2 protein chains.
Amino acid sequence: MRKDKRCSSDMEDYLEAILVLKRENKVARVRDISQLMNVKPPSVASALHTLSRDGFVIHESYGYVELTPEGEKLAKRIQSRHEMLNKFLREILCINPKIAAEDACRMEHAISQETSRKLTKFLEFVQTCPDHDRPDWLKSFDHYFKTGKRLKCKVRVLKQKDST
Amino acid sequence: MRKDKRCSSDMEDYLEAILVLKRENKVARVRDISQLMNVKPPSVASALHTLSRDGFVIHESYGYVELTPEGEKLAKRIQSRHEMLNKFLREILCINPKIAAEDACRMEHAISQETSRKLTKFLEFVQTCPDHDRPDWLKSFDHYFKTGKRLKCKVRVLKQKDST
DNA sequence: CAGATATGTTAGATTTGCCTAACAAGTAAA
DNA sequence: TTTACTTGTTAGGCAAATCTAACATATCTG
């Protein structure tokens with residue numbers, strides 16, 4: 001099995017932007033990418049050249065930008081990491097949304113597949129928690145974060161039945 | 001209050017390496033930095049120039065490398081993030097140590113102060129958990145990760161006393 | 001102390017990604 | 001259809017970070 005092709009964080013960001021634009025507008029154009037990413041059009045042109053050379057996009061002069069299967073796969077991976085990290089930061093750590101978004105943007109390029117998978121599972125675990133709202137320990141963490149003090153832990157009582 | 005001076009992730013890595021070397025060997029030399037960071041000595045020289053220009057290190061030709069107070073403060077901040085992330089990845093997510101180390105290395109440059117603080121608190125919370133070993137929900141997460149199935153949750157029983 | 005070895009520096013090339021300025025192509029409207 | 005406007009491309013430059021090759025300094029050892 002051939003290994004996944006790789007690219008720089010910067011190029012990953014371009015792929016992600018292209019995916020977003022195609023979802024929102026059906027097509028991705030140089031101008032839109034440029035605006036979304038806060039770079040000038042020539043930077044986009046240059047990036048597209050690189051991404052095209054490496055087989056992640058198809059782009060003919062003055063045309064729309066298309067993702068290759070390889071490019072789409074990578075873009076989707078990046079984007080799902082982005083969303084997952086965002087959720088983790090906001091819902092578990094209660095980071096303010098603006099900062100969470102910025103952090104997720106950078107972290108998505110920093111984490112391994114293993115960490116990505118584990119974090120995803122972690123979120124799933126918390127979200128499918130039998131508690132109607134946030135699980136008990138997460139509320140307890142909130143309190144700990146705000147006050148530095150630990151709520152009395154109900155679980156403790158139960159656990160003691162195992163020890164004599 | 002003046003804002004903290006900033007530098008690139010690459011330069012942050014140099015600062016961190018210098019701090020590590022000073023801790024281990026009392027002094028930091030170009031060669032050691034070069035070996036620790038897997039770059040060639042001229043790259044170190046060039047980085048030291050930059051860091052020196054920006055007030056993070058003091059380095060006279062052929063001498064040891066010293067951190068300025070500013071540089072030391074930043075280096076310590078990076079390093080504590082590094083350790084914190086490492087711990088989080090290993091102890092909460094049970095990532096294999098080698099991968100955890102690599103991820104921590106990259107993530108330390110990606111997270112904001114807010115995320116850093118919250119994660120630190122989160123770790124503290126787990127580690128000061130009344131359970132003798134790992135808190136209940138963490139064991140439960142392990143099981144969830146391995147099997148995809150949720151253990152019956154003892155807490156649930158207790159919580160029900162609050163309803164109705 | 002003098003040569004050999006290790007360490008550090010300088011010069012200059014390369015890569016990546018960004019920019020501005022100038023030009024080219026497409027689109028819309030008079 | 002010809003002019004004006006928008007969009008895209010090319011050329012060329014800059015900054016960061018890396019490298020190799022060549023040179024300089026320091027240190028060790030006979």
Side-chain angles (χ1 to χ4, degrees), chain A residues 5-18 20-22 24-67 71 74-75 78 105-106 108-110, chain B residues 5-18 20-22 24-67 71 74-75 78 105-106 108-110:
Chain A
K5 275 186 253 173
R6 313 217 55 242
C7 68
S8 72
S9 332
D10 289 301
M11 292 306 118
E12 284 182 354
D13 278 332
Y14 281 100
L15 290 178
E16 199 185 358
I18 292 163
V20 167
L21 288 168
K22 282 186 68 93
E24 284 181 6
N25 307 348
K26 305 273 181 281
V27 297
R29 286 172 311 182
V30 170
R31 185 112 265 258
D32 303 325
I33 300 170
S34 149
Q35 280 170 348
L36 186 59
M37 298 192 59
N38 273 303
V39 297
K40 302 293 173 185
S43 305
V44 177
S46 156
L48 289 178
H49 216 244
T50 304
L51 289 169
S52 176
R53 180 199 65 193
D54 296 346
F56 295 110
V57 305
I58 292 165
H59 180 227
E60 23 195 77
S61 260
Y62 299 96
Y64 296 140
V65 180
E66 300 297 335
L67 292 166
L74 186 45
I78 306 295
C105 248
R106 290 187 301 267
E108 71 192 13
H109 309 293
Chain B
K5 274 185 253 172
R6 315 218 51 244
C7 68
S8 71
S9 333
D10 289 303
M11 291 306 119
E12 283 181 356
D13 278 331
Y14 281 101
L15 290 177
E16 199 185 357
I18 292 163
V20 166
L21 287 168
K22 283 187 67 95
E24 283 181 6
N25 307 348
K26 304 274 180 285
V27 297
R29 286 172 310 181
V30 170
R31 187 110 259 262
D32 302 324
I33 300 170
S34 149
Q35 281 171 346
L36 186 60
M37 298 190 60
N38 272 302
V39 296
K40 303 291 173 184
S43 306
V44 176
S46 157
L48 290 177
H49 238 112
T50 304
L51 289 168
S52 175
R53 179 201 65 194
D54 296 344
F56 295 110
V57 305
I58 292 167
H59 181 226
E60 24 195 75
S61 262
Y62 300 95
Y64 295 139
V65 181
E66 299 296 336
L67 292 165
L74 186 44
I78 306 294
C105 246
R106 289 187 302 266
E108 72 193 10
H109 309 293

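Quick caveat: nothing in here was measured; it's all calculated off a predicted structure. Sequence lines set the chain letters: A, B, ... in the order given, protein chains first and strands last, and positions in each chain run from 1.
At a threshold of 4.0 angstrom between heavy atoms, the contacts of B:Val44 with the nucleic acid are absent.
The separation between A:Glu60 atom CD and D:dG8 atom P is 14 Å, rounded to whole Å. Rounded to a whole Å, the CZ atom of B:Arg6 is 15 Å from the P atom of D:dA16. When rounded to the nearest whole Å, the span between NE2 of B:His49 and P of C:dT10 equals 6 Å. Residue B:Leu48 contributes atom CG, which lies 13 Å from atom C1' of D:dA17 at whole-angstrom precision. Computed from coordinates, the B:His109 NE2 to D:dA17 C1' distance equals 14 Å when rounded to whole Å. Distance CZ (A:Arg29) to C1' (D:dT9): 16 Å, rounded to an integer number of Å. The distance between atom CG of A:Leu21 and atom P of D:dT7, rounded to the nearest whole Å, is 14 Å. The nearest whole Å value for the distance from the CE atom in B:Met37 to the P atom in D:dT18 is 7 Å.
Of the residues in residues 51-59 of chain B, none has a non-hydrogen atom less than 4.0 angstrom from any atom of DNA chain D. Contacts with DNA chain D (heavy atom under 4.0 Å) in residues 9-18 of chain B: B:Asp10, B:Met11, B:Tyr14, listed by number.
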Let me have the donor-acceptor pairs involving side chains of residues 33-58 of chain A, under 3.5 Å, with sequence neighbours excluded, atom names and distances please.
| unit_1 | atom_1 | unit_2 | atom_2 | d |
| --- | --- | --- | --- | --- |
| A:Ser34 | OG | A:Val39 | O | 2.8 |
| A:Thr50 | OG1 | A:Ser46 | O | 3.2 |

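Between atom CD of residue B:Glu16 and atom CD1 of residue B:Ile78 there is a gap of 6.5 Å, rounded to the nearest 0.5 Å. To the nearest 0.5 Å, atoms CG (B:Asn25) and OH (B:Tyr64) are separated by 10.0 Å.
Between A:Val65 and A:His59, the closest heavy-atom pair is CG2-CD2, 3.8 Å. Of all heavy-atom pairs spanning A:Met11 and A:Cys7, the tightest one is CB-SG, 3.7 Å. Pairing each heavy atom of A:Gly71 with each of A:Leu15, the nearest pair is O-CD1, 4.3 Å.
Here C:dT10 is the nucleotide among C:dT10, D:dC19, C:dT7 with the atom lying nearest to any side-chain atom of B:Ala45.
Side-chain contact between B:Leu74 and B:Lys5: absent, with no pair of heavy atoms (C-beta onward) separated by less than 4.5 Å.
An OP1 or OP2 oxygen of D:dA17 is reached within less than 4.0 angstrom by a side-chain nitrogen or oxygen of B:Ser8. Regarding contacts with the backbone of D:dA16, every side-chain N or O of B:Thr50 stays at 4.0 angstrom or more from both OP1 and OP2.
In this structure B:Ser9 satisfies the side chain to side chain contact (heavy atoms under 4.5 Å, CB included) test together with B:His109, sequence neighbours excluded.
Sorted by first then second residue, the salt bridge (Lys or Arg N to Asp or Glu O under 4.0 Å) pairs that include residues 26-39 of chain B, not counting sequence neighbours, are B:Arg29-B:Asp32.
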If a protein heavy atom is under 4.0 Å from the base, mark B; if only from the sugar-phosphate, S; if neither, -; do that for nucleotides 20-29 of chain C going 5' to 3'. BB--BS----
